Novice: 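The structure under discussion is supplied below as structure tokens; questions concerning it will follow.
Owing to the predicted nature of the structure, the values given are computational and were not obtained by experimental measurement. Order of the sequence lines sets the chain letters (A, B, ...), proteins ahead of strands, with each chain counted from 1.
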Amino acid sequence: MFESEFERNLFALRQEKLKAIEALGQSAYPNRFPAEENQQADPIADIRATWNSIPAEQLNELPDTERPRVAVAGRIITIRQQGKAGFATLQQQGQRLQIYVRLDAVGEQAFALYKLLDLGDHIGVSGYLFRTRTGELTIHVETLTFLSKAMLALPEKYHGLADVEARYRQRYVDLFTNLDSREVFIKRAKVLKAVRNFFDTRGYIEVETPMMQPIAGGAAARPFTTHHNTLDMDLYLRIAPELYLKRLVVGGIDRVYEINRNFRNEGVSTQHNPEFTMLEFYQAYANYHDLMTLTEELIAYVAQEVNGTTVIEYNEQTIDLAKWQRLSMIQAIIDYWPEIANPKPQTQDFASKDSLFATVSRLYLVYEQLYQSHDEAQTKLMQVMAARYKRPDLSDYSVGSVVDREDQDFIDWQKHDKEARLNFAESRRIGGVLHVFMSLSEKNEQIGKTIYSLFETIVEPNLFQPTIIYDYPTAVSPLSKQSPENPEVVERFEFFIGGFEVGNAFSELNDPVEQKKRFEDQLTQRAGGDDEAHQMDEDYVRALTYGLPPTGGEGIGIDRLTMLLTGSKSIRDVILFPLMRAEKGSEIRDQRSESDTH
RNA sequence: GAGCUCGUAGCUCAGUCGGUAGAGCAACGCACUUUUAAUGCGUGGGUCCUGGGUUCGAUUCCCAGCGAGCUCACCA
């Protein structure tokens, strides 16, 4: 329980104070404030809303009988003793209000209690409002009620809790010391509320489908496995609700949505947490074009509800969530084709394997010229960069080693120079092209996969402004309906904001024969070692056989959307309790383990 | 999984070119009846993340481990 002697001593000291408080006739752990069950405490927010605008001369001149009397409960976050009087700041629901306690107003006993209070304690006060000499709205306390004691020391009052790890592990401390952090989660709640309101008013039904599934379907990801004892049955935590929601559309719930957790047994990063919140919705008789419009409306609406504006600042970029562009995947690759690899490819270059190979090779050659360690061009580039950024040592490095050299100097240097950062990103991207090239030439992959890799490499990191990318390759979309004009692409889009993917949508594949075939293809890939390929879901095929109407469906990452709307750079900042490694020395105890050590 | 960086008092952080450490806040004591990062005086508080190595001597240098952050990989 205690990290140190300091904490042990403090705890003992506070226990003594609790006893002293009880000796004053107060309960150490009372169960309500105010004690009278027919009365309610006043929220600080309400008090401020009413009195913030009333000036001191008006408020302080009121006769005693007309003074505004309030009862407030809260946590003490600052306290200033001053002999026979003192101040404290109470915090309640993220709002703060100062109280003023003086001996001649509260009496000996209450003042003795005031002197036993510590930072972090919860108290209740009643009294009247006034403004101090400096104009601060303050409660002139008449009665003081002890509510609960903080037995541990609070973080430093000025800086708050800054240690990132501690903020995640002890979110409760983060929340009451860092009000910015609290604000993020208030906004998250508003996001959920706005999303629900958006769909509810459009006639969608909210549902909850299984989190534990016998077959983990609906996405390509590795699942968590669990086991039901009585049925002696292995189950997976779901990686997506998709196949269940479409069963519901078969069942006649034409407009349906679900907001719930997905679980994917994969790495963690600033954009990934093993459990994350997904919105999925389906609309019968609609296709992906309908969903594009709906998506644009939804995102703008949520932003407006949460922030009061559709404009956000994210990673030093100004983004208007009401202004969208729509590009086909191939057009996006053409548009974002690196300048150094000009001329840009043409649409027909993506049509055949040979022409695609030639196109990627061309990019690769540029990459090679810039990136390979003994190349003249890259040495020259490094010299230019060294001169431009006043880092003579850079000329000693190859592009590759600079890219890998992420020392603090280099990181700072990038932070302060946008152009340098772009060059850095460019060399990274070009590096990625190598992998595209390799996959095309060595693994004899389908064209679609290469196009998709190319897109991810050169386009995706640049998609800061809201962008819908449509017409995905069939090869990477096992659950989407093919385009009637071109069987190589499916009626699918993803949308990107701030440089990452936020949502994914498509016209749902509803041909049971084709679906079965695609599952079988996936099984082949699974047998080939791809443990993220889909498993066969016979019942889902049976559901399709009963007839799924033409349907559009979409998934949106709520955490990522919240990141954008709160300016959070890490997904962990928008998840209350992100997954962390076990704390050292905190092996989990159960009934069978040894007795308490303290 | 890889690289880089970090781990010093409850908190926020200094520092030691190798000789077992400091500040502010918090805590404790005293003073103070309009302060607000209150103030003034005084006191206590440290396995310098853990384990090895080098050394007369390691918190500091080296190696390994643990934890974290960032970047990458993975993740359509």
Novice: Between B:G45 and B:G7, how many Å separate the two P atoms, rounded to a whole number?
Specialist: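 Those two atoms are separated by 25 Å.
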
Novice: Please measure how far the P atom in B:C6 lies from the corresponding atom in B:C74, and state the result in whole Å.
Specialist: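 The answer is 28 Å between these two P atoms.
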
Novice: Is there side-chain contact between A:Ile54 and A:Leu137, with heavy atoms separated by less than 4.5 Å?
Specialist: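 With C-beta onward as the side chain, the pair stays apart.
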
Novice: If I take atom CG from residue A:Leu179 and atom CD from residue A:Gln91, how far apart are they, to the nearest 0.5 angstrom?
Specialist: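 The distance works out to 4.5 Å.
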
Novice: Round to a whole Å and report the spacing from CG of A:Leu161 to P of B:A26.
Specialist: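 Going from A:Leu161 (CG) to B:A26 (P), I get 17 Å.
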
Novice: Indicate whether any N or O donor in one side chain lies under 3.5 Å from an N or O acceptor in the other, for A:Lys481 and A:Tyr288.
Specialist: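 Result is no, nothing qualifies.
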
Novice: Give none if B:C11 has no partner; otherwise give the nucleotide forming a Watson-Crick or G-U wobble pair with it, both distances under 3.5 Å.
Specialist: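 Paired with B:G24.
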
Novice: Classify A:Arg14 by what it touches in the nucleic acid, base, sugar-phosphate, or nothing, heavy-atom distance under 4.0 Å.
Specialist: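 Sugar-phosphate only.
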
Novice: Run the side-chain contact (heavy atoms from CB on, under 4.5 Å) test on A:Leu463 and A:Phe455 for me, step by step, so that the C-alpha distance in whole Å, both residues' side-chain angles and the decisive distance to 0.1 Å come before the verdict.
Specialist: CA-CA 11 Å; A:Leu463 297 178; A:Phe455 165 77; 4.1 Å; yes

Novice: With no angle test and no hydrogens, is the base of B:U39 tied to the side chain of A:Gln82 by a donor-acceptor pair under 3.5 Å?
Specialist: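 Side chain to base: no pair present.
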
Novice: State whether A:Asp104 and A:Lys84 are salt-bridged, where the test is any N-O pair (Lys NZ or Arg NE/NH1/NH2 against Asp/Glu carboxylate O) under 4.0 Å.
Specialist: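 No, A:Asp104 and A:Lys84 are not salt-bridged.
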
Novice: Among the nucleotides B:G10, B:C28, B:C32, which one has an atom lying closest to any side-chain atom of A:Gln81?
Specialist: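 Selected nucleotide (nearest to the side chain): B:C32.
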
Novice: Take the protein atom CD of A:Gln170 and the nucleotide atom P of B:U12, then report the distance between them rounded to whole Å.
Specialist: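 So the two atoms are 10 Å apart, to the nearest Å.
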
Novice: Is the shortest distance from a Lys or Arg side-chain nitrogen in A:Arg169 or A:Asp174 to a carboxylate oxygen in the other one below 4.0 Å?
Specialist: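 A:Asp174 and A:Arg169: not salt-bridged.
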
Novice: With rounding to the closest Å, how many angstrom separate the C1' atoms on B:U43 and B:U47?
Specialist: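 Looking at atom C1' only, B:U43 and B:U47 are 24 Å apart.
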
Novice: Is there a Watson-Crick or G-U wobble partner for B:G67 with both distances under 3.5 Å, and which nucleotide is it?
Specialist: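 Pairing partner: B:C6.
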
Novice: Hey, does A:Thr270 reach any base, or is it just sugar-phosphate, or nothing, if we go heavy atoms under 4.0 Å?
Specialist: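 Contact class for A:Thr270: sugar-phosphate only.
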
Novice: What nucleotide, of B:C28, B:C13, B:A27, holds the atom closest to the side chain of A:Ala162?
Specialist: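 Nearest listed nucleotide: B:C13.
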
Novice: With respect to the side chain of A:Ala153, which nucleotide from B:A68, B:A73, B:G10 is positioned closest?
Specialist: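 Looking only at side-chain atoms, A:Ala153 lies closest to B:G10.
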
Novice: From the set B:A68, B:G24, B:A38, return the single nucleotide nearest to any side-chain atom of A:Glu156.
Specialist: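 The listed nucleotide nearest to A:Glu156's side chain is B:G24.
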
Novice: Could you go step by step and tell me if A:Glu16 and A:Lys19 meet the salt bridge (charged side-chain N to carboxylate O under 4.0 Å, His left out) rule?
Specialist: CA-CA 5 Å; A:Glu16 291 305 310; A:Lys19 281 183 195 154; 3.7 Å; yes

Novice: Looking only at side-chain atoms of A:Ala85, point me to the closest of B:A26, B:C11, B:U33.
Specialist: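 Between B:A26, B:C11, B:U33, the one nearest the side chain of A:Ala85 would be B:U33.
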
Novice: For the C1' atoms, the ones on B:G57 and on B:U16, what distance do you get once it is rounded to whole angstrom?
Specialist: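 Straight-line distance between the two C1' atoms is 14 Å.
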
Novice: Taking the side chain from A:Arg492 and the backbone from A:Ile469, do they hold a donor-acceptor pair closer than 3.5 Å?
Specialist: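 Judged by distance alone, no pair lies under 3.5 Å.
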
Novice: Using a strict threshold of under 4.0 Å (side-chain N to carboxylate O), is an ion pair present between A:Arg67 and A:Asp64?
Specialist: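 Yes, A:Asp64 and A:Arg67 are salt-bridged.
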
Novice: Is there a Watson-Crick or G-U wobble partner for B:G57 with both distances under 3.5 Å, and which nucleotide is it?
Specialist: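 Paired with B:G57, as far as the under-3.5 Å criterion goes, is no nucleotide at all.
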
Novice: For A:Lys17, answer base if it contacts any base atom (sugar-phosphate contacts may also be present), sugar-phosphate if it contacts only those atoms, and nothing otherwise; contact means non-hydrogen atoms under 4.0 Å.
Specialist: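 Counting heavy atoms under 4.0 Å across all strands, the contact made by A:Lys17 is with sugar-phosphate only.
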
Novice: Identify which nucleotide among B:C28, B:C11, B:A26 has an atom closest to any side-chain atom of A:Pro155, counting heavy atoms from C-beta outward.
Specialist: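 Nearest to the side chain of A:Pro155 among the choices is B:C11.
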
Novice: Could you go through the side-chain contact (heavy atoms from CB on, under 4.5 Å) check for A:Phe350 and A:Ile333 one step at a time?
Specialist: CA-CA 10 Å; A:Phe350 298 87; A:Ile333 292 171; 3.7 Å; yes

Novice: Using a heavy-atom cut-off of 4.0 Å across all strands, would you classify A:Gly160 as base, sugar-phosphate, or nothing?
Specialist: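 Contact class for A:Gly160: sugar-phosphate only.
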
Novice: Quick one: is A:Thr132 getting a side-chain N or O under 4.0 Å of the B:U35 phosphate, OP1 or OP2?
Specialist: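 No.
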
Novice: Without decimals, in angstroms, what is the distance between A:Lys157 NZ and B:A37 C1'?
Specialist: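 After rounding, the gap between these two atoms is 6 Å.
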
Novice: Among residues 101-114 of chain A, which residues get a heavy atom nearer than 4.0 Å to RNA chain B?
Specialist: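 Residues of residues 101-114 of chain A that come under 4.0 Å of RNA chain B are, in numerical order, A:Arg102, A:Asp104.
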
Novice: So does A:Arg581 get a side-chain nitrogen or oxygen closer than 4.0 Å to the phosphate oxygens (OP1/OP2) of B:C66?
Specialist: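 The answer is no; no side-chain N or O of A:Arg581 sits under 4.0 Å from OP1 or OP2.
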
Novice: For the side chain of A:Val164, counting heavy atoms from C-beta on, which of B:C28, B:G69, B:U35 is nearest?
Specialist: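 Of B:C28, B:G69, B:U35, B:G69 is nearest to the side chain of A:Val164.
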
Novice: Roughly how many Å apart are B:C4 and B:A23, using the C1' atom of each and rounding to a whole number?
Specialist: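 It comes out at 30 Å once rounded to the nearest Å.
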
Novice: Would you mind classifying the nucleic acid contact of A:Asp163 as base, sugar-phosphate or nothing, using non-hydrogen atoms under 4.0 angstrom?
Specialist: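 Sugar-phosphate contact only - A:Asp163 comes under 4.0 Å of backbone atoms but never of a base.
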
Novice: Have a look at A:Glu456 and say if it touches a base, only the backbone sugar-phosphate, or nothing, with a 4.0 Å heavy-atom cut-off.
Specialist: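 Contact class for A:Glu456: sugar-phosphate only.
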
Novice: Is there a donor in the side chain of A:Tyr282 and an acceptor in the side chain of A:Glu280, or the other way round, less than 3.5 Å apart?
Specialist: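 Judged by distance alone, the side chains do pair up.
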
Novice: Need to verify one output field. Residue with the more 5' nearest nucleotide on RNA chain B, A:Leu13 or A:Arg131?
Specialist: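 Closest to the 5' end, via its nearest nucleotide, is A:Leu13.
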
Novice: For A:Ser570 and A:Gly267, find the nucleotide of RNA chain B closest to each by heavy atoms; which residue's nucleotide sits nearer the 5' end?
Specialist: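 Closest to the 5' end, via its nearest nucleotide, is A:Ser570.
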
Novice: For B:C61 versus B:U5, give the span between their P atoms, rounded off to a whole number of Å.
Specialist: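 My reading of the P atoms in B:C61 and B:U5 gives 12 Å.
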
Novice: Which one, B:C11, B:G10, B:U34, comes nearest to the side chain of A:Tyr100?
Specialist: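 For A:Tyr100, the side-chain atoms sit closest to B:U34.
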
Novice: What is the distance, to the nearest angstrom, from the CG atom on A:Leu119 to the C1' atom on B:A38?
Specialist: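 Going from CG in A:Leu119 over to C1' in B:A38 covers 13 Å.
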
Novice: Would you mind classifying the nucleic acid contact of A:Phe130 as base, sugar-phosphate or nothing, using non-hydrogen atoms under 4.0 angstrom?
Specialist: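 Base contact.
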
Novice: Return the pairing partner of B:G1 with a 3.5 Å limit on both distances, Watson-Crick or G-U wobble; otherwise return none.
Specialist: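 B:G1 is paired, partner B:C72.
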
Novice: Round to the nearest Å and state the distance from A:Glu57 atom CD to B:U34 atom P.
Specialist: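 Taking CD of A:Glu57 and P of B:U34, I get 21 Å after rounding.
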
Novice: I'd like the C1' distance from B:G44 over to B:C30, given in whole Å.
Specialist: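 Those two atoms are separated by 15 Å.
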
Novice: Considering every strand shown, what is the Watson-Crick or G-U wobble mate of B:U33 when both distances are under 3.5 Å?
Specialist: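 Answer to the pairing question: none, since B:U33 forms no Watson-Crick or G-U pair.
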
Novice: Please report, rounded to the nearest Å, how far the P atom of B:U71 is from the CZ atom of A:Arg572.
Specialist: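 Distance, rounded to whole Å: 12 Å.
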
Novice: Taking the P atom of each, how far is B:C25 from B:G40, in whole Å?
Specialist: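 After rounding to an integer number of Å, I get 8 Å for this pair.
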
Novice: For A:Arg167, answer base if it contacts any base atom (sugar-phosphate contacts may also be present), sugar-phosphate if it contacts only those atoms, and nothing otherwise; contact means non-hydrogen atoms under 4.0 Å.
Specialist: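 Contact class for A:Arg167: none.
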
Novice: Given atom CD of A:Glu136 and atom P of B:A37, what is their separation to the nearest angstrom?
Specialist: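 To the nearest whole Å, that distance equals 9 Å.
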
Novice: For the pair made of CZ in A:Phe11 and C1' in B:A26, what is the distance, rounded to whole Å?
Specialist: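 Rounding to the nearest Å, CZ of A:Phe11 and C1' of B:A26 are 18 Å apart.
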
Novice: Check every strand shown and say whether A:Arg222 touches a base, only sugar-phosphate, or nothing at a heavy-atom separation below 4.0 Å.
Specialist: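 Since no nucleic acid heavy atom lies under 4.0 Å of A:Arg222, the category is nothing.
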
